[in-house]
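The structure appears below as C-alpha cells.
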Amino acid sequence: MTVPPKVAWAIVGTSDIVERRAADAILQQPDSTVHAVHSRSLPRAQEFARRYGAPVATDDLDTLLADERVDAVYVATEVDRHAEQTIAACNAGKHVLVEKPMALTPEECRAMIEPARKNSVNLAVAYYARFFEKSAAMKRVVDGGHLGRVVRATITQLAYTNPDPTHPKYWRVTGRGGGNLLADVGSHRLDLLMYWLGRPTRVAGLADTLSMPYAAPDTETALVQFASGAHATVLCSANIPRGIRQTAGPSNASGDTSIELYGSEGALLTDPWSDAPVQLLGPKGASFEPITCQRPTNAHGPLMDDFARSIIESRPPRFSPEEALWTTAVIHGAAESAKRGRFVDLSRV
C-alpha cells in the first residue's frame, strides 16, 4: 500500500493561538508533522519544539527557510510582521498559511500574493470560520435566495480589553495590529460577510480611544457597502465591561458577538460560533427546516486539513488569498476613513 507523503510544517511564532489550537490541529492532521519552530527567543522555540515533537528549534528565520525538509510555513506572529515573513517564505519555495488578518494594508497583501504566484506555492489566510459547517449552511441559505435580496448585515463585537503592558498580547493595543477588535476577532466576522455577500466596494469608519489607556482605538465603527448594494454596519467596542454587555450571539473569551443578516424576505439572526441551528425568520420561516450543524472540536482543524491536502493534491486551497485581501481592505479603509472624514473606495482593491 502506498503511504501518502507527509507535509512537514514550520511554525513561525509562538503565540497563544499556536498553544491553544493551531499546533494541535497540525498534529491531528493525518498527513502532517511539525518539523521546526521559530521564535525570536531561542529558549521559547526550544520549549515549543519539545512540546510538539519538532526536531528543529531556531531563532534564525533565514536558516529555517533554507531547510529543504520544510514544506509549509504557518506564520503566527504579530500582524505587522506577516507580510515580510510570508514574502520571505514564498520566495524560499514554501507554502504559507498566515494568521489573520492577512496584513496591515491591501498593498502588503498584494505583495504577499505575488511571490506565491511567482514561485507556484500555495498561500492562504487562517480564516477558519469559513470551514464551519454552520458558515457553509448560512451561505447556502443566502445563495438559495431564502432571504430574498440581502439588504443589510450587522456585526457586533463587545469586549473589555485592557491588557497589562507586560502581557504577550499587549502589542494588539499599541497600533501594531492595524486597529483593535475590528482587526483582531472582528476580522473573522468581516471575512464571513465577504464569504456570504461577496466583494466590498466602499467603507466609512470611525475610530476613537474614548476610555482606555492605550494607543489603539477602543471604539470602532464601520459602514460597508457591497457590490450587491447591501449595507453592513460593524460595531466593535473594547471598553464594555462584562456586566453591561448584551448581544444576540454567544459570549466567549473574545467577548460578546453577533452577526445578523437581513433580506427582503427573511433574516438569519444566528452566529456561526453558536450551537443554535440555522433558523430562517420571516414569511418562509414556517416551511424552512432548521439546519443543525456541528462545530469542530478544534476550530483550526478543517483549515489545517484543507491546506495540507491542497499541497498533497497539488491544488489551490479552498479559499483564495484575494478574498482575505478584501477583509484587510475594509479594516484599513475604515481606519483611513476615520482619518480623512470620507468614504474610501474599495472597488479596485
Side-chain angles (χ1 to χ4, degrees), residues 15-17 78-80 82 98-106 109 125-130 132 135 138 152-163 169 171-197 200 203-210 212 214-226 231-240 245-261 270-274 299 323-338 344 346:
S15 59
D16 74 314
I17 196 63
E78 299 91 339
V79 181
D80 59 353
H82 285 183
V98 60
E99 262 303 328
K100 55 78 197 167
M102 187 174 181
L104 292 176
T105 68
C109 294
V125 181
Y127 283 122
Y128 60 77
R130 284 188 176 224
F132 288 180
S135 300
M138 293 174 72
R152 176 172 296 281
T154 302
I155 296 173
T156 304
Q157 185 74 46
L158 307 179
Y160 189 83
T161 305
N162 189 18
K169 285 189 175 183
W171 67 270
R172 292 189 181 279
V173 298
T174 64
R176 293 181 62 192
N180 196 348
L181 286 188
L182 181 61
D184 185 15
V185 290
S187 64
H188 275 300
R189 280 76 184 171
L190 276 174
D191 178 69
L192 286 176
L193 292 190
M194 312 305 156
Y195 179 40
W196 295 328
L197 304 182
V203 60
L206 296 172
D208 293 285
T209 305
L210 299 181
M212 289 302 193
Y214 46 67
D218 58 23
T219 307
E220 300 165 286
T221 304
L223 174 62
V224 187
Q225 187 168 34
F226 291 83
H231 296 188
T233 50
V234 185
L235 314 174
C236 294
S237 294
N239 51 5
I240 311 295
R245 296 198 304 259
Q246 186 173 1
T247 71
S251 179
N252 53 45
S254 300
D256 295 339
T257 180
S258 67
I259 300 179
E260 301 172 354
L261 295 176
T270 185
D271 190 292
W273 280 264
S274 80
E323 292 181 66
L325 181 155
W326 296 348
T327 298
T328 289
V330 169
I331 296 167
H332 180 257
E336 288 297 299
S337 171
V344 171
L346 305 178

The reported gap from CD1 in Ile240 to CG in Leu158 (rounded to nearest 0.5 angstrom) is 6.0 Å
Subject >> Contact check, side chains of Arg152 and Thr233, non-hydrogen atoms, under 4.5 Å >> reply: yes
One should read off an interatomic distance between Ile331 CD1 and Thr105 OG1, to the nearest 0.5 angstrom, of 11.5 Å
Of all heavy-atom pairs linking Ala215 and Thr209, the shortest is O-OG1, 3.6 Å
Nearest heavy-atom contact between Gly333 and Val203 is C-CG1, 3.6 Å
Worksheet item: Does the side-chain contact (heavy atoms from CB on, under 4.5 Å) test come out yes or no for Leu104 and His82, once each step is laid out?
Response: CA-CA 8 Å; Leu104 292 176; His82 285 183; over 6 Å; no
With sequence neighbours left out, the residues meeting side chain to side chain contact (heavy atoms under 4.5 Å, CB included) with Ala324 are Met102, Val125, Tyr127
* Ile259 vs Leu192, side-chain contact (heavy atoms from CB on, under 4.5 Å): CA-CA, chis, key distance, verdict -> CA-CA 9 Å; Ile259 300 179; Leu192 286 176; 4.0 Å; yes
Does Pro106 offer a backbone N or O that forms a donor-acceptor pair with the side chain of His332 under 3.5 Å?
-> no
### Message
Determine whether a donor-acceptor pair (N or O, by modelled atom type, separation under 3.5 Å) exists between the side chain of Asp271 and the backbone of Trp273.
### Response
yes
Separation between CH2 (Trp326) and CE (Met194), nearest 0.5 Å, reads 8.5 Å
Residues at least two apart in sequence or cross-chain that pass salt bridge (charged side-chain N to carboxylate O under 4.0 Å, His left out) with Arg172, listed by chain then number, are Asp184
Check your understanding: Charged N to carboxylate O below 4.0 Å: is that the case for Asp191 and Lys100?
Key -> no
Could you check whether any side-chain N or O of Ser187 sits under 3.5 Å from a backbone N or O of Ala183, counting only pairs where one atom can act as donor and the other as acceptor? yes
The reported gap from CZ in Phe226 to CG in Leu346 (rounded to nearest 0.5 angstrom) is 10.0 Å
Contacts of Ala338 meeting side chain to side chain contact (heavy atoms under 4.5 Å, CB included) (sequence neighbours excluded), chain-then-number -> Ala207
Value for CG (Asp16) from NZ (Lys169), rounded to nearest 0.5 Å, stands at 4.0 Å
Residue pairs meeting salt bridge (charged side-chain N to carboxylate O under 4.0 Å, His left out), one or both in residues 153-162, sequence neighbours left out, come to none
Quiz prompt | side-chain contact (heavy atoms from CB on, under 4.5 Å) between Leu182 and Val330, intermediate numbers included | solution = CA-CA 10 Å; Leu182 181 61; Val330 169; 6.0 Å; no
Margin query: Test side-chain contact (heavy atoms from CB on, under 4.5 Å) on Trp171 and Val79; report intermediate values, then the result.
Written below: CA-CA 10 Å; Trp171 67 270; Val79 181; 3.9 Å; yes
Check your understanding: Any side-chain heavy-atom pair from Leu193 and Ile155 closer than 4.5 angstrom?
Key -> yes
Contacts of Ala216 meeting side chain to side chain contact (heavy atoms under 4.5 Å, CB included) (sequence neighbours excluded), chain-then-number -> Val173, Asn180, Tyr214
Exercise for review: Look at the side chain of Asp218 and the backbone N and O of Met212, then say whether any donor-acceptor pair between them is shorter than 3.5 Å.
Suggested key: yes
For Leu235, the side chain to side chain contact (heavy atoms under 4.5 Å, CB included) test, sequence neighbours excluded, returns Thr156, Thr221
- With a 4.5 Å limit on heavy-atom distance, are the side chains of Gln157 and His188 in contact? no
Nearest heavy-atom contact between Ser337 and Val344 is N-CG2, 3.7 Å
Between the side chain of Trp196 and the main-chain N/O of Ser135, is any donor-acceptor distance below 3.5 Å? yes
